[in-house]
Amino acid sequence: MLTRSRSRSQSRSRGPGTGPGGDGEKAAVRRREGAASGSKPCHCPLKRPRKAKRLHVAYEVVDGAREEGKGASPLQVPHWEPQDWQQQLANIRTMRSRKDAPVDHLGAEHCYDSTVSPKVRRYQVLLSLMLSSQTKDQVTASAMQRLRAQGLTVDSVLQLDDHTLGALIYPVGFWRSKVKYIKQTSAILQQRYDGDIPASVAELVALPGVGPKMAHLAMAVAWGTVSGIAVDTHVHRIANRLRWTKRPTKAPEQTRAALEDWLPRELWGEINALLVGFGQQTCLPLHPRCQACLNQTLCPSAQGF
Ligand code: SF4
């Protein structure tokens, strides 16, 4: 089992008084100083440096357990993780090994023009993410193609009138609202970020029409930084079906927090595309294909379908 306590146990393995400047070393210095000054020799037995007490740190302390008087010993609270998650994850990787789901060739990583400047590429990534909410990948990719044919930059979008922009992105979900958000966000990017996109989740979610999932994906795709787990409806649904959250969650943001609580950080970057594709091909929203799923015997929800 992966634990997060390795560095903690290393830093605590030396007890007080054993390192440079500890009690044992100070006593030896005092003896040497006494001898050098010619003072009466001391016949008291030499104090041996105390052996370091070994601290056993088995698990990371969870919030609240550090406080005194809260009952449980502060070092004994096991870190929660879902049963069988490693095998379930390995099975999903196997089922996704062909990488032939819509997200694998039409997702945000595939919708920008790789020949333009990095700044314009980042803007195109953000725009494709804004278009993608409540929209199938194929529809988003087609809208991006039409926009790119016009030369897709902050300036070119701001020069389009709302009617023309609407016609270019139609039929993405909520296209009328997205016209408004794209115009507002593009104006902010032009004024405050010199046409680039911000490089933090906090600044990204402050933009009109940009939610946490888009912000984390933009950080990953546009900036190459894993800032958190991007949770959309697929990730939210599958995490709950597999019981990857300690308690059932009602919204994607709750699911993100619940997953980030136990999933090792080095896996955060792969979860979105892995589960989105799995949700597009196997663990479908209404009629999951449990008969074809390698997790059928490990999945608590398989019986329900
Ligand atoms: S067994 Fe069914 S519900 Fe469970 S992960 Fe597989 S497809 Fe989804």
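Any value given below was found using the heavy atoms of this structure, including those in side chains, with hydrogens, waters and symmetry copies removed. Counting convention: from 1, in listed order, for ligands and their atoms alike.
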Ligand 1 to Cys299, heavy atom cutoff 4.0 Å, flagged ligand atoms 1 (S), 3 (S), 4 (Fe), 5 (S)

Just heavy atoms, cut-off under 4.0 Å: does Cys293 contact ligand 1 by side chain, backbone, both, or neither?
side chain

Under a 4.0 Å N-O cut-off, is there an ion pair linking Asp113 with Arg121?
no

Hey, mind stepping through Arg93 and Glu270 against salt bridge (Lys or Arg N to Asp or Glu O under 4.0 Å) and telling me if it holds?
CA-CA 10 Å; Arg93 285 191 185 122; Glu270 76 167 308; 2.5 Å; yes

Salt-bridge contact Lys119-Asp194 (side-chain N to carboxylate O under 4.0 Å):
yes

Pair Thr282, Arg96: side-chain N/O donor-acceptor within cut-off below 3.5 Å:
no

Those atoms of ligand 1 less than 4.0 Å from some heavy atom in Ala302:
1 (S)

Check whether any N, O or S atom of Cys290, backbone or side chain, sits closer than 2.8 Å to atom 8 (Fe) of ligand 1.
no

